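See structure below.
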Amino acid sequence: MSRVFHPVKTKFGHGRRAPPRSCLLFREFLLSASAVSAQLIARPASRLVGTVRAPGDKSISHRALMFGALALGETTIAGLLQGEDVLSTAAALRALGAQIAREDDVWRVRGFGVGGGFEPGDVLDLGNSGTSARLLAGILASHPFTSFMTGDGSLRGRPMQRIVEPLQRMGARFQSREGGRLPLAIVGTDEMVPIEYTLPVASAQVKSCILLAGLNTAGETTVIEPEATRDHTERMLRHFGADVRVVPVDGGRGKRITVVGWPELKARDIVVPGDPSSAAFVVVAACILPGSDVLVENVGVNPLRAGLYTTLREMGADIVFENERDVGGEPVADLHVRGGGLKGIEVPPERAPSMIDEYPILAVAAAYADGATRMLGLAELRAKESDRLASVAAGLAANGVRHEVGADSLTVYGSAPPAGGGLVATHLDHRIAMSFLVLGLGAKEPVAVDDGSPIATSFPGFVALMNGLGARIEAA
Ligand code: S3P
């Protein structure tokens, strides 16, 4: 099998000079002993055709398990994402006393009720999952015991002060590494005080963390978000019987969300819709390959998650929402995509919360567009599974895509087709891996990623699903 390998620009990218040949050989040796088996390569494909079903929504899957655990009775969940991140949440909830079992495609959760969890017997290892860590912190902090959480190298590097600070105000105590980073010890209390908290960053995880802590707090806990973020927590909490009030602020741009403490959450039957953030990779792959005709079924199109689709349409993409319906309280559609004809646009900063996970794949779409695509308001990308602004820039550079990075902006100059030929460092980031594999489907040369294993955190089966449509992704 031929190897695509640009040692100067790719493996040792980020603008640094190539190391001497002896170093290269040593690194090759190390890689051959470990990571090389996880490398994936995407070869140019002609077009994608067919019908696929989007995997379950990651955000909603986490919440379904957590709220099931906080409810009394048996919650059933259909369509749960069986990705590693969600399995980390399930394991942590089991450690707290929830009974969670899978029967065919249905998951059954017997909860312990609000405030009814037990002290975990060991450190909770949340792998790569920021949503697990931040949301569970709200549950753990409002229990009268001490718990410990850690994660993989990516999660241990992510900022946690953003949840530590409000939870401290409510009465919990923490020991952590600098910046509130994991491993984290949480000294919880069941005598939390309700707060009114304005989010300093647009973050659904921080919002949800505080609302979850507010469930086991007397009185009313309020979160004010100056910019609306995904509202799955509010929707699903109501569905489980909590009293959640939402009032628009700032002319409707933001929200004031109040939860009333000590509700008796009741077990429910949940159907998890497909994940628009995962569907994004399939949709963009179809958009960039002229002649493609793909139907992605069962995609959640909650307006607070659908910013990428608005953006792609503004770029001239042919995406039709078919069979629009409601699934488990969330809007869902089948997305019919026909390839070809993207043009560069400016993506406004206020759209960032509704497509925060989609900028890496948008950068790939932009690499195929006619003209420049300017994306603004991207500061939060630096706090994701990797510093996504840096990871995307390095991946574009490795594949000959001209671009400019600012403190919180990215401009990509499209060319049809981009050069490709690079080996991209994924930094334990599933979305970087999938994005650059998509880039390779239409580039002049194949594109490789150094580690495809993180894809299993959110989209197990990605490679088979893409290849079933006509892609050519394989182990390198
Ligand atoms: C998520 C919120 C977002 C998103 C993440 C999932 C959630 O994170 O990037 O993938 O499920 O609430 P932030 O809250 O950090 O923006």
Side-chain angles (χ1 to χ4, degrees), residues 55-67 80-81 83-86 88-89 126-139 151 154-155 157-166 180-181 197 199-212 223 225-237 255 257 272-273 275-281 300 302 304-308 330 349-362 377-389 391-392 408 428-432 434-435 454-455 457-459:
D57 188 284
K58 185 156 74 71
S59 291
I60 296 175
S61 295
H62 285 297
R63 286 158 173 82
L65 288 171
M66 288 184 201
F67 299 159
L80 189 90
L81 172 68
E84 286 170 4
D85 278 12
V86 175
S88 293
T89 286
L126 303 170
N128 191 255
S129 179
T131 309
S132 310
R134 298 205 178 106
L135 269 61
L136 284 168
I139 297 176
S154 157
L155 189 57
R158 296 182 69 183
M160 292 294 159
Q161 195 57 36
R162 51 182 64 192
I163 50 137
V164 165
E165 206 252 328
R181 287 184 161 77
Y197 190 76
L199 294 182
V201 285
S203 167
Q205 292 179 352
V206 179
K207 167 177 70 177
S208 303
C209 166
I210 299 166
L211 294 176
L212 280 164
V223 179
E225 48 176 12
E227 286 179 275
T229 64
R230 64 189 70 191
D231 59 356
H232 308 305
T233 297
E234 297 91 303
R235 286 175 188 248
M236 207 187 284
L237 268 181
K255 289 181 184 169
I257 304 134
V272 179
D275 197 323
S277 301
S278 298
F281 301 104
N302 180 323
L304 293 167
R305 295 286 300 282
L308 174 76
E330 294 275 347
E350 61 272 15
R351 196 172 292 162
S354 69
M355 54 177 296
I356 193 65
D357 290 332
E358 279 66 80
Y359 285 99
I361 191 64
L362 176 61
L378 307 190
E380 268 298 298
L381 293 199
R382 298 202 183 271
K384 295 299 173 188
E385 285 82 334
S386 68
D387 173 344
R388 283 194 179 146
L389 214 36
S391 306
V392 167
D408 70 345
L428 292 175
D429 189 332
H430 52 138
R431 299 198 203 281
I432 296 298
M434 288 185 276
S435 296
I455 293 172
T457 61
S458 68
F459 201 155

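As the structure lists them, so they are numbered: ligands from 1, and atoms in each ligand from 1. What you are looking at is a predicted structure, and each value in this text was computed from that prediction instead of being measured.
- Each of S59, R63, T131, R134, A202, S203, A204, Q205, R230, I356, D357, K384 has a non-hydrogen atom positioned under 4.0 Å from some atom of ligand 1.
- At a threshold of 4.5 Å between non-hydrogen side-chain atoms, the residues P276 and L308 do not count as touching.
- Residues Y359 and V392 are not in side-chain contact: their nearest non-hydrogen atoms beyond the backbone lie 4.5 Å or more apart.
- In this structure, D408 does not pair ionically with R382, as no charged nitrogen and carboxylate oxygen lie closer than 4.0 Å.
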Practice problem: Show your reasoning for whether side-chain contact (heavy atoms from CB on, under 4.5 Å) applies to M66 and S208. | Solution: CA-CA 11 Å; M66 288 184 201; S208 303; over 6 Å; no
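- With hydrogens and angles ignored, the 3.5 Å screen pairs a side-chain donor or acceptor of R63 with a backbone N or O of S59.
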Quiz prompt | K58/S277 under side-chain contact (heavy atoms from CB on, under 4.5 Å): CA gap, chis, key distance, verdict | solution = CA-CA 9 Å; K58 185 156 74 71; S277 301; over 6 Å; no
